[in-house]
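Notes follow the structure.
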Amino acid sequence: MLITKFNKMIKSKILLILLAFIIVLAFVAVPVATQLMKNKNPGGGGAEGELNGDDISKGEFLRARYYELRLRRDTSLTPEEDAYLRNRVWMRLAALKQAKAIGITVANDEIAAYLQRDQAFLVAGNFNSDKYRDILMRMRIAESDYEDYMRQELLLRKLIDVLASTFWVPHNEASDRAGSLMDYFIAEYIHMSLSNTVTKVKVSDADIKEYYETNKEYFKTEKKINVRYIQFPVDEHIDAIEITSEAVEDYYAFNIDDYTTTDTNNVSVPTPLKEVKDGIAHQLKLKKALNDAAVKASDLVSAMVPGRYSDRKGASMEQAAQTFKMKVQTSEFFAASESVQGIDADLMFNRIAFSLDPDDDEGYFSDAIFGESNIYVIATQDTIEPAIPEFDEIKNRIIPAVKQELEIKKFYEKAASTRDTLIKGLDDGKKLKDLAKRMKLKVETTKPFNVYEGSISNDIAYADTLIPTVMKLNGDELSDVVDTEDGILLVRIVERTPADALSIMAMKPQVLAMIERYRTSLVYDDWLNANLASAGLVDHIARLREELGPLDDDKENDAEPETQN
């Protein structure tokens, strides 16, 4: 919900994870049909619901929904996602009401100051109003909407600050956690890789059969279809098209931003027209040729459409093709996510193909589909339903996977056995290097490091695995088997030197801020739920859906808010 600016001192993903670990926690950081509203008319006047006994209009709810989606309109949500979002919108509205009730406000100057600091709108370090308007225009966001959204976000941020002011973190707790970041360690570790540890394994028929039975669903094939199609090549039209110099000049002027670069002095410099006119002319020719081919394809489609107000039957694809002197071809079988051999259209071709209905006189064929250099009209053909292949069909294909699984299993068994042997030797007073040497393993020793410095430098091998592991170890115990990208580690602390008071003091404010942010985020989510409960929410639409079930014409996900323009 909130736009937050994280502490810039935390530059490393590793350090962020470690700080969260040190704190022993992790960051967590509509309308319905008008007829239905007329029938039920809940809340009077088509209100979406009530908070604290006050009606919340549909427009107010949709605006809050738009803001909760971070100014995104085009969404496709599952029913579960939509229900979650709807609850978050009500939380937002209830929180804004509560903020207003306790006197929290956001002045226009605060919004202006925030916008002037936003890097997206800066040119040469200064706020640029033209860039601001241009970005919003490209994103199809009204200035009034964006500034109202920022007002709400700043208001909610102030509300969080109020909650944060109720926390107190003991300074000794922050000192302890800062110390764990700044203590210096020397560690030793053994790295084992699959390629250097496991010898070849034998794969039996029983192993293959067991793998197949356990992973049957993994081998299930996708639904596949093939289609009949008629192809309208753009090349047949492009040679006959002439583009005037005026058309090229108009296109260049209207799209001048596409032909403008910024020099080293941050000055916009347009590319001269003479350097790009040939490319523009070709682009305009291609566009016109595509349109001409699409018109021809549409004429063919019209011949296939049955008469809506007569008994006329539409022509079959073959009949229409013969009339237009075109050829009907048949594609290979393809899945919804596969490119189709010989077709230069994108996955829209697949989506349309899979949406066709062979039993519908008007739905078994498509309208014109645009490709890169062809227009297509397609019709249904055959379907291969999803199925799990028989064992004998795929036995040879799955042998490599079975072999890899057995090798990995054997590798981890070997790693666990090695760890047990090393621990026994260490308990008997032997040195890790001596034990490892007998087992033909190599021990690496790190240079002194602390968690903070080690996390933001590249001086320590396997830092992203080794450092979190060191933080969990007590004394000189040997770690559990820890995964890396190319094998496993066994880690042991050789030496730990407590941080000096000055280092702890320098890190302490950062740790205090992190603890407060984390605890505030937890409490804020709980507060949102409690605040919504105390607001006495009455959700008319949710109640109607529960009573009547989902509506076919419910378009809440695609609804756009009323603008303030």
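Heads up: numbering here begins at 1 and tracks the sequence.
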Does [X] pair with [Y] as a salt bridge, N-O distance under 4.0 Å?
X    : Y    : result
E444 : K442 : yes
K296 : D292 : no
D539 : R86  : yes
K433 : E188 : no

Heavy atoms, side chains only, cut-off 4.5 Å: are [X] and [Y] in contact?
X    : Y    : value
Y66  : L71  : yes
M192 : V481 : no
R92  : L156 : yes
I369 : I378 : yes
N226 : E332 : no
L356 : I225 : no
L435 : T421 : no
R543 : H540 : yes

Return the [atom1] to [atom2] distance between [X] and [Y], rounded to the nearest 0.5 Å.
X    : Y    : atom1 : atom2 : value
S339 : D344 : OG    : CG    : 11.5 Å
Q404 : L194 : CD    : CG    : 8.0 Å
E222 : F334 : CD    : CZ    : 12.0 Å
N87  : N529 : CG    : CG    : 6.5 Å
Y412 : E407 : OH    : CD    : 13.5 Å
Y84  : T78  : OH    : OG1   : 12.5 Å

Under 3.5 Å, is there a donor-acceptor pair between the side chain of [X] and the main chain of [Y]?
X    : Y    : answer
S373 : V234 : no
N374 : I343 : no
D346 : M348 : yes
D207 : V203 : no

Between R88 and L528, is the side chain to side chain contact (heavy atoms under 4.5 Å, CB included) condition met? List the steps. CA-CA 9 Å; R88 295 297 299 186; L528 285 173; 3.9 Å; yes
Would you name the heavy atoms of [X] and [Y] that are closest together and state the gap between them?
X    : Y    : value
L478 : R419 : O-NH2, 3.4 Å
A368 : V377 : CA-CG2, 4.4 Å
N350 : A335 : ND2-O, 3.1 Å
L426 : K431 : CD2-C, 4.4 Å
L422 : A436 : CD2-N, 4.3 Å
F354 : K223 : CZ-O, 3.8 Å

Run the side chain to side chain contact (heavy atoms under 4.5 Å, CB included) test on V470 and Y189 for me, step by step, so that the C-alpha distance in whole Å, both residues' side-chain angles and the decisive distance to 0.1 Å come before the verdict. CA-CA 10 Å; V470 165; Y189 63 90; over 6 Å; no
Among Q329, M317, K327, side-chain contact (heavy atoms from CB on, under 4.5 Å) partner for I230: M317
S193 and D486: CA distance, side-chain angles, deciding distance, side chain to side chain contact (heavy atoms under 4.5 Å, CB included) verdict: CA-CA 6 Å; S193 66; D486 60 348; 5.5 Å; no
Looking only at side chains, do S417 and D420 share a donor and an acceptor under 3.5 Å apart? no
Side chains of Y212 and D392 only: does a donor on one sit below 3.5 Å from an acceptor on the other? no
Using the side chain to side chain contact (heavy atoms under 4.5 Å, CB included) criterion, which residues pair with K209? Sequence neighbours excluded. E213, F391
Among all residues two or more places apart in sequence or in another chain, which pass the ring-ring contact (aromatic ring centres under 6.0 Å, His included) test with F349? Y376
Could you check whether atom [atom1] of [X] has more than 12 heavy atoms from other residues, nucleotides or ligands sitting under 6.0 Å from it?
X    : atom1 : result
E385 : CD    : yes
E338 : CD    : yes
E413 : CD    : yes
K410 : NZ    : yes

What residues form a salt bridge (charged side-chain N to carboxylate O under 4.0 Å, His left out) with D476, not counting sequence neighbours? R492
Show your working on salt bridge (charged side-chain N to carboxylate O under 4.0 Å, His left out) between E390 and K395 and close with a plain yes or no. CA-CA 9 Å; E390 294 296 327; K395 175 182 175 181; over 6 Å; no
Could you check whether R228 makes a cation-pi contact with F365, meaning its NZ or CZ is under 6.0 Å from the centre of the six-membered ring and within 45° of the ring axis? no
Would F185 and T446 satisfy side chain to side chain contact (heavy atoms under 4.5 Å, CB included), going step by step from the backbone distance to the final call? CA-CA 8 Å; F185 297 88; T446 68; over 6 Å; no
